[in-house]
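Written below as structure tokens is the structure these notes are about.
FYI, the numbering just counts along the sequence from 1. From a predicted model like this one, the values you see are computed outputs, not experimental measurements. What you see below is based on every heavy atom in this structure, not just the backbone, and it leaves out hydrogens, waters and symmetry mates.
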Amino acid sequence: MHCLNLKLTYDCTNNCAFCFSRYMKNEILTLNNLLATIEKGFSNGARELVLSGGEPTLSEEKFLKCLEAADRIGYEKYIIQTNGHGIATSESLSNFLADFSKRRDVAISFSIHGAKSKTHDELSSSVGAFDKLILAMKKIFEETSCSIYTNTVVTRKNFDELQEIADLVRAFKPEIIQFAMMHAPGLENLSVGLKETALTIRKLNVSRDVLKTEGIPFCFMYGLEECVGESYWPEVLDIYNRENNYLPDFNQLKHSMRWKADFCKDCLMNEICAGIWTEHKEEFLNEKIRPIM
């Protein structure tokens, strides 16, 4: 499916050191241009809409108007990436999602950084963030028809809790439990290597139908290729992340966010492999990885 990823705001109740969007916190995205972009995306072929941030629910009015506009136009699937704050604290928002999800295909993708409040709150730099997250997941699970996804950025601080995180969120019957490589250059103290992460994820007691990764190429997931999350990404991805800056058919590899070695062209999975985050290039080369033949 053709997808439009729409950034609503870069404001957030959390302040994660590894936040991919942390360097854009001063960007302002106005409602009128967001609504115009929703129309442009549909005209361009997008039928899936991702609302992300920052925390997209922080401005409830903007959030609801964008969903209502997309609904009128005819988008078919919606994914909301959130830390749970708005859903936990606003009854009107959770009620809207309960009604909306009866009529439309809606998935809520929750960011969870730890299996314990101490770990999650520390990585979020926000006291009480974990409790709000769990409350939000509970409300979505019990009161709506939304699908639930979870995403965990793997860091040195939560590395020993990955199985516990999976066990915790399993109670909410998620369709996806994703573990993502950290993409935040300059935070080597928090970063975990590709090989170490892949080896640990491969040992997790999580159904292959649910387990997904991000930022780990097929050559590290040999035998678990169906768990490489990028292979499930939309065929075409448009992005709107700055005012008046619509990026059609966005490709992280072409924008130098990701990297592939020259020998990757010989790999059977090359056509569908997204490569690795550029900061893992040295490790990838040192591992002397061989293409899948």
Side-chain angles (χ1 to χ4, degrees), residues 5 16-24 81 109 111-113 123 149-163 165-166 176-204 206 208 210-237 239 241 247 249-293:
N5 188 316
C16 308
F18 52 82
C19 177
F20 176 71
S21 301
R22 69 194 185 286
Y23 64 96
M24 298 179 72
Q81 298 176 349
S109 180
S111 299
I112 178 166
H113 306 317
L123 284 167
Y149 302 167
T150 67
N151 181 62
T152 299
V153 176
V154 178
T155 72
R156 188 56 62 190
K157 290 185 178 180
N158 64 18
F159 192 64
D160 293 334
E161 296 182 21
L162 300 188
Q163 182 64 60
I165 290 171
I176 292 175
I177 299 176
Q178 178 171 281
F179 295 99
M181 293 299 298
M182 191 175 75
H183 179 40
L187 292 176
E188 287 77 11
N189 62 315
L190 270 182
S191 183
V192 184
L194 275 168
K195 183 177 181 179
E196 188 178 5
T197 302
L199 287 173
T200 297
I201 288 175
R202 294 172 69 92
K203 297 175 184 176
L204 294 178
V206 182
R208 291 187 180 188
V210 174
L211 178 64
K212 296 291 178 286
T213 63
E214 183 187 32
I216 303 177
F218 288 96
C219 49
F220 279 87
M221 296 295 291
Y222 189 71
L224 290 174
E225 290 88 354
E226 69 270 36
C227 297
V228 176
E230 286 88 343
S231 62
Y232 295 87
W233 283 11
E235 295 176 11
V236 181
L237 175 65
I239 288 181
N241 63 351
L247 301 171
D249 198 9
F250 185 80
N251 183 294
Q252 293 175 335
L253 195 61
K254 291 179 180 177
H255 282 76
S256 301
M257 296 167 64
R258 295 194 183 224
W259 175 86
K260 285 184 178 181
D262 290 339
F263 58 73
C264 289
K265 65 181 182 295
D266 299 323
C267 181
L268 286 174
M269 312 302 289
N270 183 48
E271 288 298 317
I272 60 173
C273 182
I276 60 171
W277 296 119
T278 53
E279 57 263 41
H280 299 291
K281 176 180 177 180
E282 185 177 348
E283 180 198 353
F284 186 86
L285 291 172
N286 288 338
E287 289 295 332
K288 296 182 170 50
I289 296 297
R290 295 181 180 180
I292 298 173
M293 306 295 285

Could you walk me through whether F284 and W259 pass side-chain contact (heavy atoms from CB on, under 4.5 Å), step by step? CA-CA 10 Å; F284 186 86; W259 175 86; 3.5 Å; yes
Given 3.5 Å as the limit, does a donor-acceptor pair link the side chain of [X] with the main chain of [Y], or not?
{"X": "N158", "Y": "V154", "result": "no"}
{"X": "T152", "Y": "I112", "result": "yes"}
{"X": "S191", "Y": "L187", "result": "no"}

Solution key, residues 214-227 side-chain donor-acceptor pairs under 3.5 Å, sequence neighbours excluded:
unit_1 : atom_1 : unit_2 : atom_2 : d
E225   : OE1    : G223   : N      : 3.1
E225   : OE2    : G223   : N      : 3.0
E226   : OE2    : R208   : NH1    : 3.3

Pairs in or reaching into residues 176-186: which pass side chain to side chain donor-acceptor pair (under 3.5 Å), with residues at least two apart or in two chains? N151-Q178, H183-E279
Mind running side-chain contact (heavy atoms from CB on, under 4.5 Å) on I201 and T213 for me, showing each step along the way? CA-CA 8 Å; I201 288 175; T213 63; 4.0 Å; yes
Taking the side chain as everything from C-beta on, heavy atoms only, tell me whether [X] gets closer than 4.5 Å to [Y].
{"X": "Q81", "Y": "S111", "result": "no"}
{"X": "F20", "Y": "M182", "result": "no"}
{"X": "T155", "Y": "V153", "result": "yes"}

Spatial distance of atom [atom1] ([X]) from atom [atom2] ([Y]) [nearest 0.5 Å]:
{"X": "F179", "Y": "L162", "atom1": "CZ", "atom2": "CG", "answer": "5.0 Å"}
{"X": "E283", "Y": "L194", "atom1": "CD", "atom2": "CG", "answer": "4.5 Å"}
{"X": "K195", "Y": "N286", "atom1": "NZ", "atom2": "CG", "answer": "11.0 Å"}

For the student: nearest non-hydrogen atoms of [X] and [Y], plus distance:
{"X": "A17", "Y": "L190", "result": "CB-CD1, 4.3 Å"}
{"X": "M181", "Y": "V192", "result": "CE-O, 3.2 Å"}
{"X": "F159", "Y": "T200", "result": "CZ-OG1, 3.0 Å"}

List the steps and the verdict of side-chain contact (heavy atoms from CB on, under 4.5 Å) for L123 and F18. CA-CA 9 Å; L123 284 167; F18 52 82; 3.9 Å; yes
Run the side-chain contact (heavy atoms from CB on, under 4.5 Å) test on R258 and E230 for me, step by step, so that the C-alpha distance in whole Å, both residues' side-chain angles and the decisive distance to 0.1 Å come before the verdict. CA-CA 12 Å; R258 295 194 183 224; E230 286 88 343; 3.0 Å; yes
Would you mind writing out the side-chain donor-acceptor pairs for residues 263-276 within the sub-3.5 Å range, not counting sequence neighbours?
unit_1 : atom_1 : unit_2 : atom_2 : d
K265   : NZ     : D262   : O      : 3.1
N270   : OD1    : K260   : NZ     : 2.9

